[in-house]
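Keep in mind that this is a model prediction, so the values were computed, not measured. Along the sequence shown, residues carry numbers from 1. The analysis underlying the following values was restricted to heavy atoms, covering all of them including side chains, and did not include hydrogens, waters or symmetry mates.
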Amino acid sequence: AVGSGGTILKTARSEKFMTLKGLKTANKQLMERGIEGLIVIGGDGTFRGASEFSNLFPRPIIGIPATIDNDLYGTDFTIGYDTAINTVVEAVDKIRDTADAHNRLFIIEVMGRDAGFIALRSGIAVGAEAVLIPETKSSLNKLIERLKKGWHRQKKSSIVIVAEGDDAGGAFEVAKKVKEKFGNYDTRVSILGHIQRGGAPSCMDRVLASRLGVEAVNVLCSGKAGVMVGLVNKDQFLYTPFDKASKHHQEINKDLLQLVEVLSI
C-alpha cells in the first residue's frame with residue numbers, strides 16, 4: 001500500500017541468516033522458487049548480509065537505502081529519514097507548548113546511536129537551544145552557559161535535543177548533569193523512542209521510495225549487481241558498491257551545526 005510504512009513487510013533481523021546453515025537455507029528457498037535476482041531494502045546490516053550471501057551463492061542483488069538514520073554513503077537521503085524527522089518535529093512542537101506554559105527545560109532524546117542526522121535537522125526545525133550528537137564532542141559547560149544566557153533573557157522555555165549515542169550520555173544523564181550545575185529551570189526528560197520508526201510515510205519518502213524502486217528494477221535488468229541505488233543532487237542516480245555504502249557513513253554538514261549555534265542566540 002502506498003501510504004503504509006515499511007513495517008508492512010514484517011521483516012526483521014534474522015539470526016539464522018548469520019550462519020552458514022541459514023544462508024544455505026535461504027539459497028535453497030530461492031532456487032525452489034526460481035528467483036534469479038534480489039532487490040534488498042535496508043541499511044548497513046542488510047547490505048553486508050547481501051554481500052556475504054552473493055559471495056557464497058552468486059546471484060545479482062541490488063540494494064535500496066532505507067534507514068531513518070540517513071547514515072549511508074552514496075545517497076543524499078534514505079527512505080524513512082524524512083518521515084522520522086517530521087515525526088520528531090511534530091512531537092517536540094507539542095512538548096514546547098508544555099515547556100512554555102511552565103517555564104521548563106526539556107531534554108529530548110531522539111534515535112541516533114551512531115549518527116546525529118535526526119537530531120541535527122529536527123533540532124534546527126524546532127529551534128532547539130542545543131543539539132548533542134555522536135559526531136562531535138559535547139561540552140556540557142558550553143551547554144549550561146547557553147542555557148544561562150537564555151534564562152537571563154527571560155526565555156519561557158528551552159529545548160535540548162540529544163541523539164541517543166552522544167558522548168555526554170543519553171537524555172537522563174545530560175539532565176542530571178545540567179541540574180547539578182544549573183537548577184534554575186524545572187528540567188524534564190522525554191524519550192521519543194520507537195515513535196520515530198512508525199506511521200505513514202511523508203510525501204518526500206513516498207516519492208523517493210518510488211524513484212529508487214523503479215531504478216533498482218532497471219539496474220537489475222541491465223545486468224548490474226552488488227550495488228546500492230542512491231539519489232544525489234536531487235536528480236542524479238548513483239550506484240555504490242555494497243562494501244562502500246555500508247562502511248562509509250555520511251559526514252555531518254558543518255553549516256548545519258553552525259546554524260544551530262546561530263538560531264539559539
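- Checking side-chain atoms of Q196 against main-chain N and O of M111 turns up a donor-acceptor pair under 3.5 Å.
- Other residues, nucleotides and ligands contribute only 12 or fewer heavy atoms inside 6.0 Å of the CD atom of E15.
- Within the 4.5 Å cutoff, side-chain heavy atoms of L212 are placed close to those of P65.
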Residue pair F242, K244: steps toward the side chain to side chain contact (heavy atoms under 4.5 Å, CB included) verdict: CA-CA 5 Å; F242 284 150; K244 192 172 184 181; over 6 Å; no
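- The nearest pair of heavy atoms linking A125 to V89 is CB-CG2, 3.7 Å.
- Cluster annotation: L208 is not connected to L238 through the hydrophobic network of ILVMFWY side chains, with a link wherever side-chain heavy atoms come within less than 4.5 Å.
- When hydrophobic clusters are built by joining Ile, Leu, Val, Met, Phe, Trp and Tyr residues whose side-chain heavy atoms come closer than 4.5 Å, directly or via intermediates, V207 is not grouped with I79.
- Nearest heavy atoms, G112 versus D69: CA-OD1, 4.0 Å.
- Interatomic distance, L192 CG to E164 CD, rounded to the nearest 0.5 Å: 11.0 Å.
- Annotation: salt bridge (Lys or Arg N to Asp or Glu O under 4.0 Å) contacts involving residues 77-87, sequence neighbours excluded, are absent.
- Taking CD1 of I68 as the reference point, atom NE2 of H194 lies at 8.0 Å (rounded to 0.5 Å).
- To the nearest 0.5 angstrom, I107 atom CD1 is 12.0 Å from K177 atom NZ.
- Side-chain atoms of T25 and K16, non-hydrogen and from C-beta on, never get closer than 4.5 Å to each other.
- Side chains of E90 and K94 form a contact here, defined as non-hydrogen atoms less than 4.5 Å apart.
- F53 and I35 end up in the same hydrophobic cluster when Ile, Leu, Val, Met, Phe, Trp and Tyr side chains are linked at under 4.5 Å.
- Atom CD of E36 has 12 or fewer heavy atoms from other residues, nucleotides or ligands within 6.0 Å.
- The two atoms that bring A50 and V40 nearest to each other are CB-CG2, 4.1 Å, heavy atoms only.
- Cluster membership for L30 and F57, using ILVMFWY side-chain heavy atoms within less than 4.5 angstrom, is shared.
- Side-chain N or O atoms of R96 include one that pairs as donor or acceptor with a backbone N or O of G127 at under 3.5 Å.
- Looking only at side-chain heavy atoms (C-beta outward), T240 and Y73 come within less than 4.5 Å of each other.
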Which pairs of donor and acceptor atoms, one on a side chain in residues 214-233, lie under 3.5 Å apart (sequence neighbours left out)?
{"unit_1": "E215", "atom_1": "OE2", "unit_2": "Y239", "atom_2": "OH", "d": "2.5"}
{"unit_1": "N218", "atom_1": "ND2", "unit_2": "V214", "atom_2": "O", "d": "3.4"}
{"unit_1": "S222", "atom_1": "OG", "unit_2": "V219", "atom_2": "O", "d": "2.7"}

From CA spacing to verdict: side chain to side chain contact (heavy atoms under 4.5 Å, CB included), V174, V178: CA-CA 6 Å; V174 172; V178 169; 4.2 Å; yes
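- Formation of a donor-acceptor pair under 3.5 Å by the R206 side chain with backbone atoms of P201 is found in this model.
- L56 approaches P58 most closely through the heavy-atom pair O-CD, 3.5 Å.
- Tracing side-chain contacts under 4.5 Å through hydrophobic residues (I, L, V, M, F, W, Y), one never reaches M18 starting from L20; they form parts of separate clusters.
- Among all heavy-atom pairs drawn from G42 and F47, the shortest one is O-CZ, 3.5 Å.
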Evaluation steps, side chain to side chain contact (heavy atoms under 4.5 Å, CB included), between I161 and L132: CA-CA 6 Å; I161 304 292; L132 309 184; over 6 Å; no
Under 3.5 Å, side-chain donor or acceptor atoms of residues 115-123 against the rest of the protein: list the pairs with distances, not counting sequence neighbours.
{"unit_1": "R121", "atom_1": "NE", "unit_2": "Y81", "atom_2": "OH", "d": "3.3"}
{"unit_1": "S122", "atom_1": "OG", "unit_2": "I118", "atom_2": "O", "d": "2.6"}
{"unit_1": "S122", "atom_1": "OG", "unit_2": "A119", "atom_2": "O", "d": "3.3"}

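- Under a 3.5 Å cut-off, the side chain of E109 and the backbone N or O of A171 do form a donor-acceptor pair.
- Contact check on R113 versus D166 returns no salt bridge, with no Lys/Arg side-chain nitrogen under 4.0 Å from an Asp/Glu carboxylate oxygen.
- Inspection of the D205 and T83 side chains reveals an N or O donor paired with an N or O acceptor under 3.5 Å.
- We find the CD1-CD1 distance between I39 and I61 to be 11.0 Å, quoted to the nearest 0.5 Å.
- One finds the CZ atom of F237 at 9.5 Å from the OG1 atom of T75 (value rounded to the nearest 0.5 Å).
- In this structure, N27 contributes its side chain and L23 its backbone to no donor-acceptor pair below 3.5 Å.
- Looking only at distances, a side-chain donor or acceptor of E129 sits under 3.5 Å from a matching main-chain atom of I159.
- Rounding to the nearest 0.5 Å places CG of L256 at 9.5 Å from CD1 of I133.
- I195 CD1: 12 or fewer foreign heavy atoms inside a 6.0 Å radius.
- Nearest approach of D76 to K234, heavy atoms of both residues: OD2-N, 4.0 Å.
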K24 and K28: CA distance, side-chain angles, deciding distance, side chain to side chain contact (heavy atoms under 4.5 Å, CB included) verdict: CA-CA 6 Å; K24 288 180 177 179; K28 181 182 177 182; over 6 Å; no
